[in-house]
Amino acid sequence: MAALAFSHEGDSSLSAPTHVRINDCNLHVATVNGSGSQTANATLLRAIFQMGVPVSGKNLFPSNIAGLPTWFTIRVNERGHLARTRTNDVLVAMNPETAADDIAAMGPGTVTVVNAGIPLPELPSDRTVHVVPCGKLVEPIVPDAKLRKLVVNMIYVGVVAHLLGIDAEEIDRALGSQLGRKQKALELNRAAVNAGLEYAREHLPPAPVRIERRSLTDGKILIEGNTAAALGALFGGVTFVSWYPITPSSSLAEALQGYLERYRRDPQTGEATYAILQAEDEIAAIGMVLGASWAGARAMTATSGPGFSLMTEFIGYAYYAEIPAVIWDIQRIGPSTGLPTRTSQGDLLSAAFSSHGDTKHVLLFPASVEDCYQYGMQAFDLAERLQTPVLVMSDLDLGMNVSMAEPFAYPEEPWDRGKVLTDEELDRVKTFERYRDVDGDGIPYRTIPGQRHPAAAYFTRGSGHDEQARYTESSETYARVMDRLARKHETARRLAPGPVIDRAPHAAVGLLSFGSTAWAMDEARERLREDGLETSHLLLRAYPFHPDVRAFLASCERVYVVEQNRDAQMAALLRMDMPDLAPRIRSVLHYDGLPIDARSIVERVLHGEREEVVAR
Amino acid sequence: MAALAFSHEGDSSLSAPTHVRINDCNLHVATVNGSGSQTANATLLRAIFQMGVPVSGKNLFPSNIAGLPTWFTIRVNERGHLARTRTNDVLVAMNPETAADDIAAMGPGTVTVVNAGIPLPELPSDRTVHVVPCGKLVEPIVPDAKLRKLVVNMIYVGVVAHLLGIDAEEIDRALGSQLGRKQKALELNRAAVNAGLEYAREHLPPAPVRIERRSLTDGKILIEGNTAAALGALFGGVTFVSWYPITPSSSLAEALQGYLERYRRDPQTGEATYAILQAEDEIAAIGMVLGASWAGARAMTATSGPGFSLMTEFIGYAYYAEIPAVIWDIQRIGPSTGLPTRTSQGDLLSAAFSSHGDTKHVLLFPASVEDCYQYGMQAFDLAERLQTPVLVMSDLDLGMNVSMAEPFAYPEEPWDRGKVLTDEELDRVKTFERYRDVDGDGIPYRTIPGQRHPAAAYFTRGSGHDEQARYTESSETYARVMDRLARKHETARRLAPGPVIDRAPHAAVGLLSFGSTAWAMDEARERLREDGLETSHLLLRAYPFHPDVRAFLASCERVYVVEQNRDAQMAALLRMDMPDLAPRIRSVLHYDGLPIDARSIVERVLHGEREEVVAR
Amino acid sequence: MSTPANKTPSAAPAANRVGLTLADYKGARSTLCPGCGHDAITNSIINAAFELGLEPHRLAKLSGIGCSSKTPAYFMRRSFAFNAVHGRMPSIATGVHIANRDLQLLGISGDGDTASIGIGQFTHLIRRNVPVVYLIENNGVYGLTKGQFSATADFGTKAKVGRTNELMPIDLCALAIELGCGFVARSFSGDPKQLRPLLKAALAHRGTSVVDILSPCVTFNNHEGSTKSYDHVKEHDAPLHDVTFIPPHEPITADYEPGEVRQVTLFDGSRVTLKKLEADYDPHDGMAAMVTLRRAREAGTFVTGLLYVNAQKPAFDREVGMVEAPLASLPLDRVRPPRRVLEEIMEAHRSGAAPR
Amino acid sequence: MSTPANKTPSAAPAANRVGLTLADYKGARSTLCPGCGHDAITNSIINAAFELGLEPHRLAKLSGIGCSSKTPAYFMRRSFAFNAVHGRMPSIATGVHIANRDLQLLGISGDGDTASIGIGQFTHLIRRNVPVVYLIENNGVYGLTKGQFSATADFGTKAKVGRTNELMPIDLCALAIELGCGFVARSFSGDPKQLRPLLKAALAHRGTSVVDILSPCVTFNNHEGSTKSYDHVKEHDAPLHDVTFIPPHEPITADYEPGEVRQVTLFDGSRVTLKKLEADYDPHDGMAAMVTLRRAREAGTFVTGLLYVNAQKPAFDREVGMVEAPLASLPLDRVRPPRRVLEEIMEAHRSGAAPR
Ligand SMILES: Cc1ncc(C[n+]2csc(CCOP(=O)(O)OP(=O)(O)O)c2C)c(N)n1
Ligand SMILES: Cc1ncc(C[n+]2csc(CCOP(=O)(O)OP(=O)(O)O)c2C)c(N)n1
Ligand code: SF4
Ligand code: SF4
Ligand SMILES: [Mg+2]
Ligand SMILES: [Mg+2]
């Protein structure tokens, strides 16, 4: 790659780079939290999307309302590799506090746009740096100093559009769809974009990475996982939501509240076919869900780490008393408060065994925004069919960042509310025993409070109970009920979504991913293939594990379980479940709060394989 | 064994049984809760103990204050096998509600004493049943009807003393030491015992199981695990206790409160060198412990399942902020309220991974009342040395039932308060960084709030922090701190008590037990040996596992992990930790709330071994 | 309130207006200690429910953990019941009500369950004004765990085994009034004549109604020196008035001197008459109620009766704005928006003009 | 109260009685939004602590989670601090006090942290009268999670994005008084002249002192229609009196007309003078305080000032009965009973006459 000279205000070399990469680059924008850079970044992202080129955006934000550093990364990749990558091609450095580090992290051949006034570090000559006087450019456009702060970021939108070759028209359209209703804001922002664009055209050479029109995003949508989950719940027929605010789950509840308000409240009467309550804490949130679900609502809550920990006692209750409940855990980095705005898959073990005593829970692992939508519905069906809590283990990366997807399909099936006996059915079946395993699958039948039938009523409790829901301290009965619950957990293996397997014909090595880890897998496998390592892949979608998971493990000599936590938590669950296959399980772990990238996977798998050779 | 005829009031055959078993029997007493049978049962237990014969007593009581059935089992075994057994030799049936079942459970050759008026079921002729008119016998002794109810149980004490050959003198002495200060009660009870004794001498033949004097209990004590734990805390220098009542942990806190009041409060000034608070719930209890411990107290709490679940969030905090804390979990049967007065080892997984995020905790497994005493002290040392919560996983069986033990040894060592820097030391070391791994063992240094040194203060938080305890969202720093915490967990392997191993020279099969499960192991191994199976044994005392545990597993072809839960929770922890050895781990599970017995172990190990042969 | 089924009253004298007998309102045999105050309350509940003619299937029994919280098993066996975890019944009640607003909720709690571990949820229940009759069977101790003090134990009261309580009690009635509760009463398990009409009135109220019932624990808190023993409570019980409950549409039968009674009309049209004993007491005056409670506390007496009522308090349902039909009963087509809604939303996400 | 170290006052004018400058009471740079009310409170704390001459090492800063709970990082960097989990700071405070009764505790919380998730621990903290200055930086919203209503949001107040609050607020001051708190004040972040002396007085009190400080969230709750915006609070602030704090042994310097001021003496001998504004207000009368608060609530105003004080309230330490020396500092030989005690206990377990 050609070494480019430093360019300062007005003296950039305008010659085009000698080697140009098309539709494959990473743009990194460093700004100050609360400075209104979201609109700028979203405009760039959307414009690229509208050019038909696959794109993803990741927001790296602080646990702060305003003033601390924040970053936004846009990855463009026409082959659809949209996970995070560790290196950036273009940097926009708007934050004086982090600029030195941000710039220092840029490698050879990269381009940096830096706001004028930010001191520049000494740099090797193969990094291009463009100093752009953003403030000066925006001044004539926005006379009001306070407002100016919010518009100044649009300057770099124009600059980047020029550098990468993003269509000005698409920028304009993207801006329009975002600010459509605010005419004045739209005009100011437009003017600022143009000022940036013009400045760049005049002073700066295009970057060695460029974007060209394709038609790979036709008909597609851009959406965040939490919004998708909210949509799933909406179409899944949710009737009750209780929640307590906590990042990164709040946006799920808030999106859902918005949709419900709009689509499930009669505009004439004002009557709603749902209720959503902000509880006083997460103990109350899950308590309300259990009460509502017991009484027949489709009830859910969404939370994250600390809130999830607080739900522990009630989750154990729901397991034992067999009450359906849908709990979205949008995982963030723990332990404790941890890094509340960083992503993680660190809650697996505490979720799987949440609460004292012999409990094991059903977990789902959405790996895409489509999954969020689908599980938004299916989690209800599953919880009601199994009469147990279903924990949907999403994470910040999936929940709060936008992804591309095919538009979601309208559900063609009705809901499945599981084994509920109506009064008419009670008349037919004659005897009703709340906790009897009538069908041999461990799942009993239930009635709904308020049913008039004299046999319908039963007593729900977290203490020892027999098949007829009566209090008992009998050892045999206790053990019998626990055995049935274990049987029900076995049934869950087949009711929950099975894995998605891509087996390479002669591969000895398997990779196993789940949740947002999956995003980097295609890319990682491609690179491994380039390095001569064919791999099979299993995308895990639920715990307890489907029998196909076992078959996959059995068919590989080694399986690398890729996960975003320190303690190899998924590997632990697999080892527990399949001790005979435990020795073939390896781990690829990533736990710094940043989304995992393909290179990390490739490096660690190759390292593991080298060790394997040495060991043999 | 000789078949004995039915004996009814006044017409028992007085001939001695033909075959007599000495100092090896099980006495089972069925009464009504709250009817004052504790004194009667304790008198029998203690009298046998005073005869020098090893004995244990297990109370099977309902979650109820008065009126529901309760049972007490006394096992006598001069070889020291004192775990529960499933069959009884002598039954005292005082509870009409359960008598039919109680009697039906008695096998051939057994003796039943039944209170007159209780309807008798049809029985095979090889069971002896003595109907004793307890009410009639006590009437002349206690004119007051209300009081009589409490004394009537003493009749069966006399009857049993005769049947088993317990010295009347020892009965009297046992009664005296229990009721010593209540002269009137003592006399009434004494009279009732004598009435029973005389009646029995006159009407009933001795039982085929007998007790004979030995000197195997000389100098020994009888004590409950919870009392022993309280003593440990007392001598370990506890300064703060907070708790919230919950069975079966309340007796630990209450015993400790009694001891502290007596031995740690100045009788002159009334000033106490401790504080004990009844919190408003378990969240507050653990919060107070963390606050106190942070500020330099030796702080502990005791709880059980539901309370433990409520502590989840704070336990994760303590892990990450590195605050010492001692938490006794006196396990009972879950999930949820479960069977609150039944024993279990079902909290292992939820304890080991308590709270969201990458957390793993240090667990101790007391297997005897001595351990309870020792860990009562050591848990503080360990928590302070490791600066982390230490969870002592006792259970109802160990905590609330009396065991025989050698008198506890006075601690010869001072306490170990870990890496605390005084002001003088701060002067010397110059820099103090709260979370720096100075020694390479993952354990940092701490100071105590209130220290005057200007460098002493630091900021404790559950959010991301660097070595200097400053807030950070840096990915690298986060990962570095987490790696150090993992290193600290490795250090814990060697600081926590190692296993006790009894290796049989050529045994292919190992048994692994922990906690109260250990009680049945000697007996089980002996019986297995009789059945031709030599076994090695490892008594596990802590998690994370000591390297010797790995070595043991590696040295056996198969290891049966014996535990009192449904989900093979200890086996799961072992499999996670040693995946390469996972295939050799088998499980013996027992989870009906009753303490495990040797026969159950033997049967399941033999069953496993037969399957092994078939599989090969 | 449940609307009564219009059955012709049966000939048998023992049937109530919905055709059920007293036996139909009973439950399993109690396993509490003989003489426990809680059993007396159970009895009052059975009678009140029978006399009101409640339909069992329209009532749900909710509780936490404790001897008190076990009692739902001992009455109204034909009603659904939810015996929750310790101190968290209010959140269950909130969820149940939202799922099925036709259910009448009867919550049973203890002083430990409410004032110690449960005070947070109790507070927020009242704040939301969730329609539930919330009974506290208040004995000042944790019965089930064998007699430790709870947060309602009076300052200076003695435990069975020596210890003296050094903390001030939480007065759940005063707290409820301060928090804006629309129905607050205090009574005594040993005074069914007062308790029954209060229970009926509580059941007729539309929002949260709190009834704090002194209920001696005969096993752990009935000794001398205890301020919650039978003898002590009887002696220090200071009823504010004689309470009579009159169902809607029924005339007042007793004759009262003018000025001798106050009448309180409840949401469903039923009335409570309060016959004055010493002074006249106006249960509509919250501030006066607080003063009365404070004075009684200082004097060491228990004022019992209808302490405070505000039948006009806006109902919880208003805030939530739910449809009339129970949410639990809505069919799929009422809760799954039509295809065009999804298409509209997808289009917005395609074009970037996502609504919200 | 901490006893001052007897240093000779340094020559530099900026040093206080313990020889520290204002800078010594500062902390890290705030990362809150510019203009946040919480920063103003931080400033008042820094000044109050400096003027009182507190020794940093004798004070511990405690907090929960929220923007407000972050602020301990922004003052008194030389003090130890414990930033706990959400809503549970009171239990931490209780433990810290027990371990080291020499430490003065300053707890910082938010309205969400206290009134929503934390109301249970708040209640029990007050009930135990644990000596801690408990500040609520009250903005009626959850700042850190971006503007949802908290349990102190006023009825009818509007959120930034449309929604109206339909629930009644919890009045933390009224609640504290009902629960028997011995020091209750309300103030406004924007009124340091009132806030500073109140903070000093709170620090001089011996039990739990609650100071509820209206502290506008400029980012999420400072718009029109919000009852917790700067403008609204300023307009509806109804100070009861002008507050002056006088340290122990210092004479009152200002001249007052007779009857113009009330003087309140605190536990450590310091005094607060309250100069009457409209009517005379007696902060020793709890019932009157409740009435005043209720009226203000109805009128939609915020009464600020020293609402209630009872300097005689028995201290928490009495109940616990701890030695004078901090428990944390006791050497082994004071906390490990001698050998003969173990022997005595062992003997009892040998013979069966176990004491207890
Ligand atoms: C989380 C939790 N902690 C502790 C317990 C143990 N526990 C059971 S009942 C009870 C107290 C009950 O007291 P109260 O509510 O006054 O009821 P009472 O028995 O006096 O009627 C306690 C502490 C529990 N079940 N759950
Ligand atoms: C258990 C738990 N639930 C939720 C959160 C998320 N959370 C952080 S701060 C906060 C609310 C803070 O509100 P407030 O106490 O009023 O403080 P403010 O930010 O307004 O000063 C919440 C809900 C959390 N940290 N822990
Ligand atoms: S212990 Fe007390 S509260 Fe419980 S049942 Fe017995 S008398 Fe009633
Ligand atoms: S969000 Fe509100 S409370 Fe938080 S720092 Fe900003 S202004 Fe202050
Ligand atoms: Mg009670
Ligand atoms: Mg707030």
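Below, chains carry the letters A, B, ... as their sequence lines are ordered, and counting in each starts from 1.
Neither the backbone nor the side chain of Pro90(D) comes within contact range of chain B, judged by heavy atoms closer than 4.5 Å. In this structure, the portions of Ala73(D) lying under 4.5 Å from any heavy atom of chain B include both its backbone and its side chain. Interface remark: Gln50(B) contributes side-chain atoms only to the contact with chain D (heavy atom separation under 4.5 Å). Residue Thr227(B) touches chain D through its side chain alone, counting heavy-atom pairs closer than 4.5 Å. Neither the backbone nor the side chain of Arg173(B) comes within less than 4.5 Å of any heavy atom of chain D. Ile98(D) touches chain B through its side chain: at least one heavy atom from C-beta onward sits under 4.5 Å away, while N, CA, C and O do not. When heavy atoms are compared at a cutoff of 4.5 Å, Phe240(B) approaches chain D solely by way of its side chain, counted from C-beta outward.
Side-chain contact check for Phe408(B) versus Glu343(D): every heavy-atom pair is 4.5 Å or farther apart. Counting heavy atoms from C-beta on, the side chains of Asn100(D) and Pro449(B) never come closer than 4.5 Å. Annotation: side chain of Ile345(D) is in contact with side chain of Tyr263(B) (closest heavy-atom distance under 4.5 Å). Two residues are said to be in side-chain contact when any heavy atoms from C-beta on lie closer than 4.5 Å; Gln121(D) and Glu280(B) meet this criterion. Counting heavy atoms from C-beta outward, Glu271(B) and Glu324(D) have side chains that approach closer than 4.5 Å.
From Leu332(D), atom CG reaches atom CZ of Arg298(B) across 8.0 Å, with rounding to the nearest 0.5 Å. Atom CG of Leu277(B) and atom OG of Ser91(D) lie 11.0 Å apart (nearest 0.5 Å). Rounding to the nearest 0.5 Å gives a distance of 10.5 Å between OG1 of Thr239(B) and CE of Met322(D). Separating the CZ atom in Arg88(D) from the CE atom in Met288(B) is a distance of 12.5 Å, to the nearest 0.5 Å. If you take CZ on Arg452(B) and CD on Glu55(D), they are separated by 5.0 Å, rounding to the nearest 0.5 Å. Summarising the geometry, atom OG1 belonging to Thr31(D) is positioned 7.5 Å from atom OH belonging to Tyr471(B); distances are rounded to the nearest 0.5 Å.
Between Phe82(D) and Tyr317(B), the ring centre distance stays below 6.0 Å.
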Output, in order, the C-alpha distance, side-chain angles, deciding distance and verdict of side-chain contact (heavy atoms from CB on, under 4.5 Å) for Val341(D) and Phe235(B). CA-CA 10 Å; Val341(D) 167; Phe235(B) 288 93; 3.9 Å; yes
